[in-house]
**Q** 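Provided herewith is a single structure, encoded as structure tokens, for subsequent inquiry.
Because the structure is a prediction, the values reported are computed rather than measured.
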Amino acid sequence: GENVEQHPSTLSVQEGDSAVIKCTYSDSASNYFPWYKQELGKRPQLIIDIRSNVGEKKDQRIAVTLNKTAKHFSLHITETQPEDSAVYFCAASKEGSNYKLTFGKGTLLTVNP
Amino acid sequence: NAGVTQTPKFRVLKTGQSMTLLCAQDMNHEYMYWYRQDPGMGLRLIHYSVGEGTTAKGEVPDGYNVSRLKKQNFLLGLESAAPSQTSVYFCASTKGPNTGELFFGEGSRLTVL
């Protein structure tokens with residue numbers, strides 16, 4: 001089955017800096033890559049996603065890039081703010097898998113004021 | 001709309017006891033999932049359903065059973081709870097084909113003593 005590796009497991013940045021979280025996947029047939037944000041004690045929520053026919057997608061301060069050849073994708077957060085502090089999960093799935101997501105183990109991002 | 005609702009939110013069990021977690025969604029979604037979240041392990045799929053009356057095994061199904069008698073409800077059962085099942089359980093749903101976003105419930109924290 002699919003295996004998703006996520007790095008780093010923890011990341012601490014100063015407010016205003018950029019943060020990058022990287023994920024690799026094993027199944028070359030995977031074609032959907034979402035990122036979820038989970039604040040402490042809350043439910044995971046989708047923040048951005050990308051499909052394999054697109055190399056990059058942006059939404060205000062967040063962006064995701066995908067390298068299908070290398071089988072890795074990354075989340076980029078610019079101008080970080082304290083409210084960006086949370087656990088971020090990457091995930092992967094493929095068409096025909098009934099939208100079963102395989103999640104990475106998560107990255108705890110701390111933005112220091 | 002309430003979205004995805006889980007009950008109970010907290011439960012303490014003794015080893016060997018049984019219990020059922022209820023997930024209800026009011027978004028008319030076809031697909032529903034049960035995940036467990038453990039520290040440093042991300043979200044792992046237990047069982048899922050692609051429609052009323054259907055269920056299938058996920059990544060970590062042992063020790064759990066599920067039922068989807070009504071489209072809006074997805075039940076997760078533990079017949080004989082074990083300490084290894086201490087976890088936070090999340091239910092999620094998605095509309096279906098060509099829509100990827102999972103909508104999560106608030107989570108249910110289960111402790112097995």
**Q** Are any of the side-chain heavy atoms of A:Q38 and B:Q37 separated by less than 4.5 Å?
**A** yes

**Q** Taking atom CD of A:E79 as the centre, report whether more than 12 heavy atoms of other residues, nucleotides or ligands fall under 6.0 Å from it.
**A** no

**Q** Should the heavy atoms of other residues, nucleotides or ligands under 6.0 Å from CD of A:E83 be counted, would the total exceed 12?
**A** yes

**Q** Roughly how far apart are B:Y33 OH and A:K100 NZ, rounded to 0.5 Å?
**A** 9.0 Å

**Q** At a heavy-atom separation under 4.5 Å, does B:L43 approach chain A through its side chain, its backbone, both, or neither?
**A** both

**Q** Enumerate donor-acceptor pairs with a distance under 3.5 Å from any side-chain N or O in residues 6-14 of chain B to protein atoms, sequence neighbours excluded.
**A**
| from | atom 1 | to | atom 2 | distance (Å) |
| --- | --- | --- | --- | --- |
| B:Q6 | OE1 | B:C91 | N | 2.9 |
| B:Q6 | OE1 | B:G107 | N | 3.1 |
| B:Q6 | NE2 | B:Y89 | O | 2.9 |
| B:Q6 | NE2 | B:S108 | OG | 3.0 |
| B:K9 | NZ | B:Q6 | O | 3.4 |

**Q** Same cluster or not: are B:F90 and A:L46 linked, directly or through other Ile, Leu, Val, Met, Phe, Trp or Tyr residues, by side-chain heavy atoms under 4.5 angstrom apart?
**A** yes

**Q** For the atom pair CG (A:L101) and OH (B:Y48), what is the distance rounded to the nearest 0.5 Å?
**A** 12.0 Å

**Q** Decide if atom CD of B:E79 counts as having more than 12 heavy atoms of other residues, nucleotides or ligands within a radius under 6.0 Å.
**A** no

**Q** B:Y35 versus chain A, heavy atoms under 4.5 Å apart: side chain, backbone, both or neither?
**A** side chain

**Q** Tell me, side chain or backbone of A:P34 under 4.5 Å from chain B's heavy atoms, or both, or neither?
**A** neither

**Q** Taking atom CG as the centre, does A:L40 end up with more than 12 heavy-atom neighbours from other residues, nucleotides or ligands that are less than 6.0 angstrom away?
**A** no

**Q** Quick one: salt bridge (charged side-chain N to carboxylate O under 4.0 Å, His left out) pairs with a partner in residues 30-49 of chain B, sequence neighbours left out?
**A** B:E30-B:K71, B:R36-B:D38, B:D38-B:R44

**Q** Please classify the contact of A:L108 with chain B as side chain, backbone, both or neither, using a heavy-atom distance under 4.5 Å.
**A** neither

**Q** Contact part of B:V88 toward chain A, heavy-atom cut-off under 4.5 Å: side chain, backbone, both or neither?
**A** neither

**Q** Could you measure the distance from the CG atom of B:L102 to the OH atom of A:Y36? Nearest 0.5 Å is fine.
**A** 4.0 Å

